[in-house]
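Below is one structure, written out as structure tokens, with a few remarks after it.
Just follow the structure's listing: the first ligand is 1, and inside any ligand the first atom is 1.
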Amino acid sequence: MVRRPALSPRLAGLGTSIFAEMSALAAATGAINLGQGFPDEDGPIEVADAAVAAIRAGQNQYPPGPGIEPLRRAIAEHQERFWGLTFDPDTEVLVTTGATEAIAAAVLALCDPGDEVLAFEPTFDSYPAVAALAGARLRPVTLVPPAYEADVEALAAHVTDRTRVVLVNTPHNPTGKVFTGDELGAIAQVCVERDLVAVTDEVYEHLVFDGRHRPLASFPGMAERTLTISSAGKTFSVTGWKIGWVCGPRELIAAVRTAKQFLTYVSGAPFQPAVAVGLGLGDEFYAALASGLRAKRDLLCEGLRVAGFDVFVPQGTYFATVDIRPVGGTDGLEFCRSLPERCGVVAVPSSVFYEDPADGRHLVRFAFCKRTEVLTEAADRLAGLRGGS
Ligand SMILES: Cc1ncc(COP(=O)(O)O)c(C=O)c1O
């Protein structure tokens, strides 16, 4: 038997994903799973049909490493159409295995051991993990509820000689915050003044209910130093397809591609033409996506309020965060582990998104990307928490 610990000390702090634990709990107890962020309905039929047609037509072998040309072109057209950003599909767009791989490949490509990555926390759980994979360190700047305002002065104060990357997620998971133009402008200024590369995670770019999404790359001085990342999962309700992309200046994209080719080499052949179809859908598709989710947000947030939680209403994404203290909770992890038993609903403790779990101890995240009847049933069940039942 090998005597040394199997897991490298570099990764020892990472543990098992909370989503796996909570989804397993939902499966074991039959509870409604408002933990992990995936829709329970399929996306546009044209997109699904295009994937089926691609499989039938034999697009089942390794596609080109950077992604098929029609998808790279569709991504570039999408960036121009929605955000006024111009990218050369041949050199400035790379298709990846979800946004997760794009983020990982970007951090691995840019960071050396000992380097630092800045991000606003709570952070999506892959960020500290990919920093650890690179031997780098994630240095968080905390967004404090209820306003979750970005403290850009604190961000600037965290920049050191080892800072390489600022990782910005807007719309933001788990808070549902959409960064304002002023916040993004100030972040851009820090990046320019301190010569940092920005890596942006914009997977919820089309799921905005209040305010307006603006890519960091559109701010002065940022196009030349930003890797803009998104994916098909949330926009087309195909989270299992894992088709993502990263756009940016040629040298940065070449660097990310160097890492990507040895992570996965290529990404899901038959899904690529299907995502190209999705990106070309009309404005009415995108408008209906946001308005449908806005109604679901309102439904769940109202249910959470009625149940007695203090609710931080999200401006975008799939998620609403609550303070559990008004319903007698103190520790979110304990609360989430007992919730299926108590009322048949699964949620996720926000503490897992903080470097110091104590900072998010009283916060819990619920997903509302579920069918209306599922959310209504969840709200009914949560109402049972009132009075300690
Ligand atoms: C902020 C954020 N980034 C990235 C991802 C992962 O995206 P993908 O499934 O395309 O890898 C998610 C999924 O939940 C997310 O919430």
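- Side chains of Thr160 and Glu116: a donor-acceptor N/O pair is present below 3.5 angstrom, by distance only.
- Side-chain atoms of Trp83 and Glu205 include a donor-acceptor pair closer than 3.5 Å.
- With hydrogens left out, the protein atom closest to atom 12 (C) of ligand 1 is Phe124 CZ, 3.3 Å, a heavy atom.
- Contact annotation: for Ser231 versus ligand 1, heavy atoms closer than 4.0 Å belong to the side chain alone.
- Evaluation of the salt bridge (charged side-chain N to carboxylate O under 4.0 Å, His left out) rule for Glu41 yields Lys296 as partners, not counting sequence neighbours.
- An N or O contact shorter than 3.5 Å is missing between Gly37 and ligand 1 by distance.
- Closest to atom 14 (O) of ligand 1 among all protein heavy atoms lies Lys234 NZ, 2.7 Å.
- Of all the atoms in ligand 1, the ones that sit under 4.0 Å from a non-hydrogen atom of Lys242 are 8 (P), 9 (O), 11 (O).
- Among the atoms of Asn169, none of the N or O lies under 3.5 angstrom from an N or O of ligand 1.
- Between Tyr127 and ligand 1, no N or O atom pair is found at a separation short of 3.5 Å.
- With a 4.0 Å heavy-atom cut-off, ligand 1 is reached by no atom of Glu101.
- Not close to ligand 1: Tyr318, with no non-hydrogen atom less than 4.0 angstrom away.
- Counting only heavy atoms of the protein, atom 7 (O) of ligand 1 lies nearest to Ala99 CB, 3.7 Å.
- For atom 3 (N) of ligand 1, the nearest non-hydrogen atom of the protein is Asp201 OD2, 2.5 Å.
- Looking at Glu302 and Arg305, a side-chain N of the basic residue comes within less than 4.0 Å of a carboxylate O on the acidic one, giving a salt bridge.
- Applying the salt bridge (charged side-chain N to carboxylate O under 4.0 Å, His left out) test to Arg361 and every residue at least two apart in sequence or in another chain returns Asp331.
- Between Asp112 and Arg162, no side-chain nitrogen of the basic residue sits less than 4.0 Å from a carboxylate oxygen of the acidic one, so the salt-bridge criterion is not met.
- Contacts of Thr100 with ligand 1, taken as heavy-atom pairs under 4.0 Å, involve both backbone and side chain.
- Thr123 and Asn169 form no side-chain donor-acceptor contact under 3.5 Å, judged by distance and modelled atom types alone.
- Contact annotation: for His172 versus ligand 1, there are no heavy atoms closer than 4.0 Å.
- A salt bridge between Glu101 and Lys242 is absent, with no side-chain N of the basic residue lying under 4.0 Å from a carboxylate O of the acidic one.
- Atoms of ligand 1 found under 4.0 Å from any heavy atom of Asn173, numbered from 1 in the order shown, are 1 (C), 15 (C), 16 (O).
- Pro89 is not listed as a side-chain neighbour of Ile75, based on a closest heavy-atom distance of 4.5 Å or more.
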